[in-house]
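Since the structure is predicted, the reported quantities are computational estimates derived from the model, not experimental observations. Residue numbers start from 1 in every chain, and the chains themselves are labelled A, B, ... in the order their sequence lines are given, proteins ahead of strands.
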There are 2 protein chains.
Amino acid sequence: MKPTISIIEVARLAGVSKSTVSRVISDRGGSVSPKALDAVNSAIQELGYTRNTIAAGFRMQRTGMVLLLVPDIANPFWSEITRAAQDRLEEEDYSVVVGNTDWSEQRETRYYKLARSGRFDGLILNSVTDDIAAILAIGLPAVMIGERAESQALDTTGTDTRMATRMALDYLWETGHRRIAIATTEHGSERFLSLRRKVYEDFLLEKGLALDADLAFSVKLSEEGGRELVRELVELPRWRDRVDAVLCGNDIMAISAINAFREAGVEPGKDISLVGMDDIPAAAHTFPALTTVRKPRSLMGAMAADLLLSRFEDPAKPPERRLFPGELVLRGSVAKRGRA
Amino acid sequence: MKPTISIIEVARLAGVSKSTVSRVISDRGGSVSPKALDAVNSAIQELGYTRNTIAAGFRMQRTGMVLLLVPDIANPFWSEITRAAQDRLEEEDYSVVVGNTDWSEQRETRYYKLARSGRFDGLILNSVTDDIAAILAIGLPAVMIGERAESQALDTTGTDTRMATRMALDYLWETGHRRIAIATTEHGSERFLSLRRKVYEDFLLEKGLALDADLAFSVKLSEEGGRELVRELVELPRWRDRVDAVLCGNDIMAISAINAFREAGVEPGKDISLVGMDDIPAAAHTFPALTTVRKPRSLMGAMAADLLLSRFEDPAKPPERRLFPGELVLRGSVAKRGRA
DNA sequence: CTGAAAGCGCTAACAA
DNA sequence: TTGTTAGCGCTTTCAG
């Protein structure tokens, strides 16, 4: 583009060696006389020099970049986590590259490959699969967002899924629901049931409710998933006798389901109760507004960044796990039912 | 971390020079004998070598990174543009770093500085200000998303703002509205009125309607902005006689306004008509659903990427401008009024 | 406090 | 087809 201007030009103009210039621009306290410092600074000014961080990073074996992998950047839940992590990381002069896996294992694998390219100092991710070994194999400091059964080996942050799920279920119980369905994603290896699903089964057991296998839906955590849920649900024989509420894996799905139910002539918040998970902004604006479990997105994002940062400082320290509690937000999508 | 393994180790194991290894790993068709190629490939396999793209890029004066600056990544409008641009760019082996300016000039300036760090090959942005000179000064190929009055010098994509605004205004006129307010952001230098605002004034003139300065609101394109709009509007003396519709700068603001109006005891879609801009998913799920102008987000994102890519190919070619038409989406937030 | 010199991992002439 | 050599811009010993 333009004749690149490097420390060598600055050094020449300032009448010092490039070492001295280097000592000035990298703030790591190399001792420079006030006079030299002045000369260098004016030279920098005059030439409009900016430090080439790529070159510096290259030399220092450090890129100043962090890869953040999320499943759906268009979901406000993830964009806010992203933003918070980014804000925190940028304070420490790291730049963040956001990768969108779209819930696809294939795309995730592609990103793992990118992560091995030497471009990044670290990795924050919500992985689609539970293949912790693959993440470890990247050989980069990594932080997981969201609990994973096998992820003892990774720094982890997220919401306490057990507690959040339980909160929603208890609320449905208290409001008189006895035929509760759940819609989660059960992906990949069948040997692993999602945490949410487990909590659900424990809950049924505890309350002495029968487990109706038809009422445990596995759909995507997307608008499409919400529509699919409704489609499958209303096709169940005698469904109105078999289900009075459904706990959705996230708000995106729940909101989509609200709309799909209404289109199918089922009135959400009356004929059927819905509870979401996340509390994205749109949850407050649907009709009826969505009862959901709020997750502290900003805290989670910032925590992920902090965990990574402290892992940079001490690569050898034992993995940490920092979970936040959720908060039940009561709105209009759950009916109050007299006890059956 | 681990004893870095470089082409030099590969070369040694394969019994060739590092140039040969380089020729193999960079696919730019340097001729290599089948035999050598085999040897190198097995060595790579055996050693688990991965190319250090930072080093390669450093040498080639190319980083493979593009900086994408958006004002609000949590707004689905921008996250979808981001995703589309990213998808296109990744096809060409570029990685995308997303910067969130939060409509802040200060943050934008910080990002311009980052852009000058040598980390990026190019820049795609929706700038907060109209300071094209500052963007040019970065010295990087740049593509602007969204029309800018002064941006003849930059490759530009976006929606035809004039047409989109006009569409909305005409629709309000046809449905019998005669007291139309507008809510846009008028920032920075007062000498510059937003395009939208100009179209609005032209429209009033053409229809012989009086320009009521109180009805041109300048608020942020955010939830906060929507609330502020309503707050200011309902405090206008005799407002019910002075305004029957408002055209909002984007959907986020419009949806927030819908809710704020209802809380203020004003029924949207009846007492007041609202038109948004963008057609984000939530627009379909509000109550009443939002009438708005749809913008082709994916096309815009992909076009931005394409413009940048072709600018890489030919840095000298004249700037292009590719605008897409908007599409009016009729829903429930606009009342049908008998002619006054 | 400062300069000379040696690379970080890779690519690109240029010779052979 | 291959190897040798010279860096990309910066940091960092090591002498001075």
Inset, instruction - Output yes when at least one side-chain N/O atom of B/Gln61 is less than 4.0 Å from OP1 or OP2 of D/dG9, else no. - result: yes
What nucleic acid atoms does [X] come within less than 4.0 Å of, heavy atoms only: base, sugar-phosphate, or nothing?
X	answer
B/Val32	sugar-phosphate
A/Ser31	base
B/Val16	sugar-phosphate

Legend entry - Pairwise side-chain contact, A/Leu13 with A/Val10, heavy-atom cut-off 4.5 Å (strictly under): no
Legend entry - Pairs meeting criterion side chain to side chain donor-acceptor pair (under 3.5 Å) with involvement of residues 54-70 of chain A, two or more places apart: A/Thr63-A/Asp121
Inset, instruction - Let me know the distance between CZ of A/Phe58 and P of C/dC10, rounded to the nearest Å. - result: 8 Å
Legend entry - Between C/dG3 (P) and A/Ile7 (CD1): distance, integer Å: 12 Å
Legend entry - Neighbours of DNA chain C within residues 33-56 of chain A, by heavy-atom distance under 4.0 Å: A/Ser33, A/Ala36
Inset, instruction - Please find out if less than 6.0 Å separates the ring center of A/Tyr94 from that of A/Phe312. - result: yes
Name the pairs: protein N/O against N/O of nucleotides 12-16 of chain D, kept only if under 3.5 Å.
unit_1 : atom_1 : unit_2  : atom_2 : d
D/dT12 : O4     : A/Ser19 : OG     : 3.3

Inset, instruction - Provide the closest heavy-atom pair for A/Ala55 versus B/Phe58 in the form atom of the first, atom of the second, distance. - result: CB-CE1, 3.6 Å
Inset, instruction - Report the C-alpha distance between A/Thr129 and A/Glu105 in whole Å, list the side-chain angles of each, state the deciding distance to 0.1 Å, and finish with yes or no for side-chain hydrogen bond (donor to acceptor under 3.5 Å, both in side chains). - result: CA-CA 7 Å; A/Thr129 66; A/Glu105 294 195 28; 5.4 Å; no
Legend entry - Pair A/Glu90 + A/Arg83, salt bridge at N-O below 4.0 Å: no
Legend entry - With A/Phe77 via ring pair (Phe, Tyr, Trp, His ring centres under 6.0 Å) - residues at least two apart: none
Legend entry - Inter- and intrachain pairs under salt bridge (charged side-chain N to carboxylate O under 4.0 Å, His left out), touching residues 298-312 of chain B, at least two apart: B/Arg88-B/Asp306, B/Asp155-B/Arg311
Legend entry - Inter-end axis angle, the helix from C/dC1-D/dG16 to C/dA16-D/dT1, with every axis fitted to five base pairs (rounded, 10 degrees): 40°
